[in-house]
Amino acid sequence: MSILTTVKEVLQASTQSANRGDVTEEMSNGAYWCDDCDERIRDVDVEGEGPPDCPTCGDEMRFERSQGSTGCAC
């Protein structure tokens, strides 16, 4: 078996996976970020309304919408 055949089989197998993550999780529209501390909190993990304060520095975090169609705020 050649290296090209092996790579081709690996790539085909990775696209055929039925496991796309836990679908029971709430759909996220984005995440809150603290640019100074590199802290990230998904919007579905925030209690209450409005932006949360950064757990590290206490500053208000900014909201950034997800760019992907997967519902992940990565």
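Computed over heavy atoms, backbone and side chain alike; hydrogens, waters and symmetry mates excluded.
Atom SG in Cys34 sits 14.0 Å away from atom CZ in Arg40 (nearest 0.5 Å).
The two residues Tyr32 and Pro51 have their closest heavy-atom pair at CE2-CA, 3.6 Å. Nearest heavy-atom pair, Cys54 versus Cys57, reported as atom, atom and distance to 0.1 Å: SG-N, 3.5 Å. Heavy-atom minimum distance, Pro52 versus Val46: CG-CG2, 4.0 Å.
Residues passing the salt bridge (charged side-chain N to carboxylate O under 4.0 Å, His left out) test with Asp35, sequence neighbours excluded: Arg62.
For residues 44-59, the set of pairs meeting the side-chain hydrogen bond (donor to acceptor under 3.5 Å, both in side chains) definition, not counting sequence neighbours, comprises Glu39-Thr56.
A donor-acceptor contact shorter than 3.5 Å links the side chain of Asp43 to the backbone of Asn29.
The shortest side-chain heavy-atom distance between Ile41 and Pro55 falls under the 4.5 Å cut-off.
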